[in-house]
Structures are given as C-alpha cells and as structure tokens.
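Position 1 is the first residue of the sequence; numbering continues from there. The figures that follow rest on heavy atoms only: side chains count, while hydrogens, waters and symmetry mates do not.
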Amino acid sequence: MGVSNKTPEFLKMNPIGKVPVLETPDGPVFESNAIARYVTRLKDDNPLYGSSLIDYAHIEQWMDFAATEVDASIGKWLYPRMGFYPYAAVSEETAIAALKRALGSLNTHLALNTFLVGHSVTLADIVLTCNLYLGFIRILTKSFTSEFPHVERYFWTMVNQPNFKKVIGDVKQAEAVPPVPKKAAPAKEQKPKEAKKEAPKETLKPKADEKPAEEEPKPKPKNPLDLLPPSKMILDDWKRLYSNTKTNFREVAIKGFWDMYDPEGYSLWFCDYKYNDENTVSFVTMNKVGGFLQRMDLCRKYAFGKMLVVGSEPPFKVKGLWLFRGSEIPKFVMDEVYDMELYEWTKVDLSDEAQKERVNAMIEDQEPFEGEALLDAKCFK
C-alpha cells in the first residue's frame, strides 16, 4: 500500500488507487461488491443470485443495505478510534445511532428468516457477513450486540459455514471498544537562547525558608445546571418519597410530587420512541430501554424518569416521562447519550389537565395505560 497501488499500471486499473481490483481477461473490475457480482455471474444459474427476478432484486437490496447502512456506520464508529480519521464525539454518537437503527431493522427481518433471501445462503448473506465481520472482531462487543439477538444468531451461523471458515478461520468477538487515540501535544516553540548573565554570588544561595512555587490545581469546571438559581424542589426528597410510598400512591406520592414540583427550576418531558415498528420481540425491547437508562446515568443528579413498554402484542410501544433540572433538556445529555435522538421529545404543558393526568399515570405505572396493557415499567432515580 502506498507503493505498488500508486504505479501508472495500477492506476490504469483503478484511477483512485484503491484495493481490491480484480484482473479479468476482459479487463479490470474494482469495488468489492462489483467484484462479488462479477464472480457470482461467472456461473450460469448460480443459486447465490436466487431463483427469480424478485429474489435478484431482494439480494441487490440487502447488498445495498449492507454497504450504506451497516458497513458505513461501523466504519464511521471504528476508523476514528483506529486513528484513520479525526475523532469527534458527536460524529461517533450519530454513527452509533445509525448503526443501531440498521441492526434493529435487520434484527426484525431475521426474527422470521434464517437467511436474508429465501432458504439458503445468497450473495447478500456473503456481503453482509463480511461487513459485520470487521465490526464483530474490532468494536461490536457482546454488550452491544446482545440488543440484536437475531443478528447475533445469523452472524455466528454464517461465519461457521465451512466456506466462510476456509477464508476467515475462527472468529473471536471484540471484548472492548478501542480507546480514543490520544491527541499529540502541540510542539512548543523554541525561543532563541539568551546569553546567560552571571548572577552576583550572594543571590545564588537560596533562603532557608524559601520553597519552590507550586502550581495550584485548576478547579474542575462546574456543570451548568449547578449554576442555576436554587430551586424549592429537592430532587432527592422526591426520589425518597417515590421509593418509600407503598400504599395510597395517588394520595401520597402523586400529591407530594405536585406539592414539591417547581416549574421555574425543573421541566417535565414526554418521550416517544420513533421506531416502534422495530419492537417485535418483548425481551429485546425491554433490553433496549434498560440500555438507555444505563447511559442516562451521567445525569442521575439532575433527573428522574419513567419508561414504559406498552402493548400485549408486537410491535410494542416505548414511552417515557422525564423530569430534568432546568427549563430545557440538558445539553450535555443531548450531546452524550446517543439514544436521545431515537425519541421524540415533547415538553409537558402544565396548563393542560389531560397532560398532567398522563404524567400521574406514568409515575404510577397505571394499567391499562392509554387503553393498552403495560408490559414493563422502569424507573430512573
């Protein structure tokens, strides 16, 4: 790389100097998927391309999905951590959210299908597995992929096929996400050396009580929420009341909440998951919510939340209620918790009695909730 792929001979085969390139009797072919299509079509009636026109279309569909949704998102997450591109936390969060959406859709499809198209391996399976392979061995840890059990089952089925094992051997899943590369310290400007002046002899002796100056540690920057005017609502008091109320919940906890609530110092928000049609497996949906609450841990000091999984049959709906310090959703939460963009956020209108009653129902885990069974309820406190 960087030598033979920059030669005039190579650039005639691929003008941008990338690999792979396939040399054929009829001329070169570059780009991985184009090469895969060419090789597959060398054999007439190759079952890897399906047995009908619609099979062919679906195989092409999943190959495009693998390239644009899976491979691209894995690369945007992995390559900056490998030092190939500059690292940016916001870009990483966007890539992870996009990958989760893609794997969620794939998981839904694979819940009812062993392979992507039909009942045997096709070119779509080969391409997608190769795209997943880099992610699984480098960055997709078990804690990440466990949210997508059907994708996991599919991947391990594929990589253990004899023809896969011949090429890639045994596969071991990544145990940790690669660390963010440390930025190199900027080179210091060297000032021209000044000629040393000889100090008078009496100044060379240090005073007995003189100590070298110590650099004072810089104070840790405060969270912007700590700089807000004091609120009459003490969040820990509410959390304690919520946890300790076992009977007469409406009369004690709900009434206590509204007595404590300070609309000047706190705000209430409804959230609704944008992709409920993906929630076809109950335990996967509940795990998804559990993972979201784990990532919200960074704002435990400033928030209280309820997350409900609603419905007796799939697709299940995920709805939530959140109490945040301040009049808006804290910026550091929006920036650092990638799940936030997977939800539609609506500020509670306290002048609307129906919305206030919905708040009460969500805090109380009321069942049925909005006419549907309550599958699960989780509290963040």
Is the centre of the F380 ring less than 6.0 Å from the centre of the W322 ring?
->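 Yes.
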Would you confirm whether the ring centroid of Y266 sits within less than 6.0 angstrom of the ring centroid of F324?
->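 Ring centres of Y266 and F324 not closer than 6.0 Å.
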Ion pair present between [X] and [Y], side-chain N to carboxylate O less than 4.0 angstrom?
X	Y	value
K317	E370	no
E328	K331	no
K232	E264	no
R37	E60	yes
D259	K255	yes
D226	K301	yes
E357	R250	yes
K76	E92	no
R101	E341	yes

What's the spacing between [X] [atom1] and [Y] [atom2] if we round to 0.5 Å?
X	Y	atom1	atom2	result
F144	L103	CZ	CG	5.5 Å
F115	M158	CZ	CE	6.5 Å
S282	D376	OG	CG	9.5 Å
D339	I96	CG	CD1	9.5 Å
T285	K288	OG1	NZ	5.5 Å
L308	L321	CG	CG	8.5 Å

Shortest non-hydrogen separation from [X] to [Y] and the atoms involved:
X	Y	result
V151	L110	CA-CD1, 4.0 Å
S231	D262	OG-OD2, 2.6 Å
W345	M340	NE1-O, 2.9 Å
L228	G326	CD1-CA, 3.8 Å
I59	G50	CD1-N, 3.5 Å
S267	K347	CB-CE, 3.9 Å

Is it the case that [X] places NZ or CZ above or below the six-membered ring of [Y], under 6.0 angstrom from the centre and within 45 degrees of the axis?
X	Y	answer
K378	F292	no
K381	W238	no
R325	Y302	no

Do other residues, nucleotides or ligands put more than 12 heavy atoms under 6.0 Å from the [atom1] atom of [X]?
X	atom1	answer
E251	CD	yes
R138	CZ	no
E31	CD	no
F332	CZ	yes
K274	NZ	yes

Looking at [options], which hits side chain to side chain contact (heavy atoms under 4.5 Å, CB included) with [X]?
X	options	result
Q355	V348, L350, L268	V348
L128	Y154, F155, Y133	Y154
F257	V252, L241, L323, N360	L323

Shared hydrophobic cluster, L11 / F30 (ILVMFWY, side-chain heavy atoms < 4.5 Å) |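 Unlinked, L11 and F30 end up in two clusters.
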Is V39 reachable from F164 through a run of I, L, V, M, F, W or Y residues, each pair having side-chain heavy atoms under 4.5 Å apart?
->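 Different clusters: F164 never reaches V39 through Ile, Leu, Val, Met, Phe, Trp or Tyr contacts under 4.5 Å.
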Please state whether the rings of Y242 and F304 are parallel, tilted or perpendicular, taking 30° and 60° as the class boundaries.
->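 Perpendicular.
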Tell me yes or no: between the side chains of D349 and S351, is some donor less than 3.5 Å from an acceptor?
->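 A pair is found: one side chain offers a donor N or O, the other an acceptor, under 3.5 Å apart.
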Do side-chain atoms of H150 reach the backbone of T108 as a donor and acceptor pair under 3.5 angstrom?
->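 Looks like no, no N/O pair under 3.5 Å.
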Step by step, would you call N46 with T40 a side-chain hydrogen bond (donor to acceptor under 3.5 Å, both in side chains)?
-> CA-CA 7 Å; N46 192 331; T40 303; 5.0 Å; no
Validation row: V318, Y275 side chains within 4.5 angstrom (heavy atoms) =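 Heavy-atom side-chain distance check fails, nothing below 4.5 Å.
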Evaluate the side-chain proximity of F316 to E372: yes if any heavy-atom separation is below 4.5 Å, no if none is.
->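 A side-chain contact is absent here, since even the closest heavy-atom pair is not under 4.5 Å.
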Could you go step by step and tell me if D55 and Y49 meet the side chain to side chain contact (heavy atoms under 4.5 Å, CB included) rule?
-> CA-CA 7 Å; D55 280 356; Y49 244 125; over 6 Å; no
